[in-house]
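Chain identifiers are assigned alphabetically (A, B, ...) following the order of the sequence lines, protein sequences preceding nucleic acid strands; residue numbering begins at 1 within each chain.
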Protein chains: 2
Amino acid sequence: MMDSKPPTQAARTRAASLERREGRKRELREQILRAAGEEFTAHGPENFSLRRVAERIGYSPTTIYLYFQNKEALLLSTVEDGFRSFDQTIEDAVNGASDAPAQLEALGRAYIAFGLENPPLYRLMFMQPNTDYLMPRLLGSGTAPADLEAAAQPLHHRVVAQELLVAALQKGIKDGSFRKGDPVLLADALWASVHGLVSLALSPLMAPQHAENVVSPLLSTLINGLKA
Amino acid sequence: MMDSKPPTQAARTRAASLERREGRKRELREQILRAAGEEFTAHGPENFSLRRVAERIGYSPTTIYLYFQNKEALLLSTVEDGFRSFDQTIEDAVNGASDAPAQLEALGRAYIAFGLENPPLYRLMFMQPNTDYLMPRLLGSGTAPADLEAAAQPLHHRVVAQELLVAALQKGIKDGSFRKGDPVLLADALWASVHGLVSLALSPLMAPQHAENVVSPLLSTLINGLKA
DNA sequence: AAATCTTACTTAACGCCGTTAATTTATGCA
DNA sequence: TGCATAAATTAACGGCGTTAAGTAAGATTT
């Protein structure tokens with residue numbers, strides 16, 4: 001290491017060529033991601049098909065494996081933008097209100113609205129089935145750790161929004177708006193509630209239109225319940 | 001109609017034979033249901049496979065189609081017992097408490113416990129994806145009405161537990177325990193909350209063990225929030 | 001009791017899926 | 001121009017839900 005000779009012209013053109021080649025690769029990767037996003041937005045995560053994505057961009061199905069490890073990895077990559085805009089939505093909502101109760105109300109409404117407006121995305125982000133069924137098989141094979149890491153990935157994404165929620169609760173507890181309690185547990189309770197409403201609205205069990213009527217009763221009950 | 005001649009012996013043996021044959025059919029049908037239940041309990045609804053069910057009972061895959069319309073119908077039949085025991089669980093919980101707040105607390109705990117104790121069953125009962133993606137295709141084909149009815153079926157099952165929940169809320173509002181509000185909307189808000197907690201616990205996003213710690217904060221916040 | 005009809009079930013096939021391995025085609029480099 | 005390497009393809013495997021055609025056993029009729 002540490003051989004810092006002045007780069008020859010050949011070396012430079014070689015580097016530029018490599019850069020262009022990598023540019024092409026990045027381009028195709030993003031094209032795949034775009035097509036995958038459209039695919040799963042149209043058909044939903046559970047009917048998402050690699051072969052359809054490939055057909056949509058005019059490549060052979062196996063080409064996708066040169067850019068993503070497998071179907072699940074492609075889906076997770078697809079959803080990363082979703083997590084970013086989700087975090088932004090939540091942050092904007094919280095910043096738009098001053099006192100803690102108003103922040104919670106805004107956060108809840110923003111959360112639910114995001115879910116109702118992006119059904120497939122929300123499903124992919126927050127309604128993935130637990131992989132416990134697969135655990136025995138995974139542990140049997142040698143690929144368990146990698147898969148487990150992939151499964152745990154969404155947890156990290158959630159952190160941003162959850163921190164805002166916990167912070168709002170802490171503030172409300174400190175300034176006397178809310179009664180005492182573990183802010184983390186309360187945050188998860190609130191999260192569960194709004195998530196539950198979105199989940200039902202995205203299932204056949206509750207019409208989305210009806211769900212919108214439930215938003216206010218739910219949020220007012222929760223926030224009222226936090227008060228001292 | 002109305003030909004009530006005395007049945008000949010031939011007619012009687014014929015009837016008995018038919019009865020025995022139908023007994024066999026019922027038996028095999030239940031054998032399929034049993035095997036299907038074991039299958040989807042073991043692998044989860046999303047990895048449920050007709051062919052594995054067939055293999056488990058030693059019949060050809062297509063035999064199942066002689067007893068159930070398709071995979072979805074078999075799964076729904078599998079879950080009917082689940083709905084019965086669910087309703088019973090909820091009813092027992094509500095009957096075990098006297099005043100409205102205690103009833104709600106008991107109902108919530110029973111609901112969550114049921115979900116945490118029967119993950120695949122709960123998933124099949126309450127976490128089926130909405131079929132809106134398929135709507136265009138279904139409407140295109142001629143089988144839409146039947147499929148839509150099948151998809152709506154869980155709604156009817158829910159009714160029992162929901163009526164108990166609404167009744168408890170009405171009672172609490174009437175006797176002054178709770179503040180005024182539309183009992184149906186409030187019921188759906190409560191439902192969404194407990195459903196959300198179970199859903200998260202059955203997803204990779206929240207460990208079931210952690211979810212148990214959230215039960216009390218969630219329920220106390222909700223019930224406190226209902227009070228005047 | 002033999003022939004016919006019906007029922008229960010199977011085999012074969014279709015079109016889809018995710019994924020892997022081997023192979024071809026294109027591209028950069030000497 | 002040849003060679004190495006990268007990129008993409010074709011072929012194949014095993015699995016899936018589902019349908020249509022075929023078969024073997026059972027019941028019914030004569």
Pick out the pairs of N or O atoms, protein on one side and nucleotides 14-17 of chain C on the other, that lie under 3.5 Å.
from, atom 1, to, atom 2, distance (Å)
C:dC17, OP1, A:S49, OG, 2.7

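- Across the protein-nucleic acid pair, B:Y65 atom OH and D:dA21 atom P stand 17 Å apart, rounded to whole Å.
- The closest side-chain heavy-atom distance from A:Y65 to A:L50 is below 4.5 Å.
- Taking atom CD1 on B:I64 and atom C1' on D:dC16, their separation rounds to 13 Å, with Å as the unit.
- Rounded to an integer number of Å, the gap from B:E46 CD to D:dG17 P is 13 Å.
- Computed from coordinates, the A:R29 CZ to D:dA7 P distance equals 14 Å when rounded to whole Å.
- Taking the side chain as every heavy atom from C-beta outward, B:N213 and A:D182 never approach each other to under 4.5 Å.
- If you take CD1 of A:I32 and P of D:dA7, they are 12 Å apart, rounded to a whole angstrom.
- Here A:R84 pairs with A:D81 in a salt bridge; the nearest charged N to carboxylate O distance falls below 4.0 Å.
- Rounded to a whole Å, the CD atom of B:E55 is 13 Å from the C1' atom of D:dG14.
- Between B:L185 and A:L218, every side-chain heavy-atom pair lies at or beyond the 4.5 Å cut-off.
- The main-chain N or O of A:A93 is never found under 3.5 Å from a side-chain atom of A:R109 such that the two would form a donor-acceptor pair.
- Rounded to whole angstrom, the span from the CG atom of A:N47 across to the C1' atom of D:dC16 amounts to 14 Å.
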Table of protein N/O atoms under 3.5 Å from nucleotides 8-11 of chain D N/O atoms:
from, atom 1, to, atom 2, distance (Å)
D:dA8, OP2, A:Y67, OH, 2.6
D:dT9, OP2, A:S60, N, 2.8
D:dT9, OP2, A:T63, OG1, 2.4
D:dT10, O4, A:T62, OG1, 3.2

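- The end-to-end axis angle of the helix from C:dA1-D:dT30 to C:dA30-D:dT1, rounded to 10 degrees and based on five pairs per end, is 30°.
- Side-chain contact between A:F126 and A:L202: absent, with no pair of heavy atoms (C-beta onward) separated by less than 4.5 Å.
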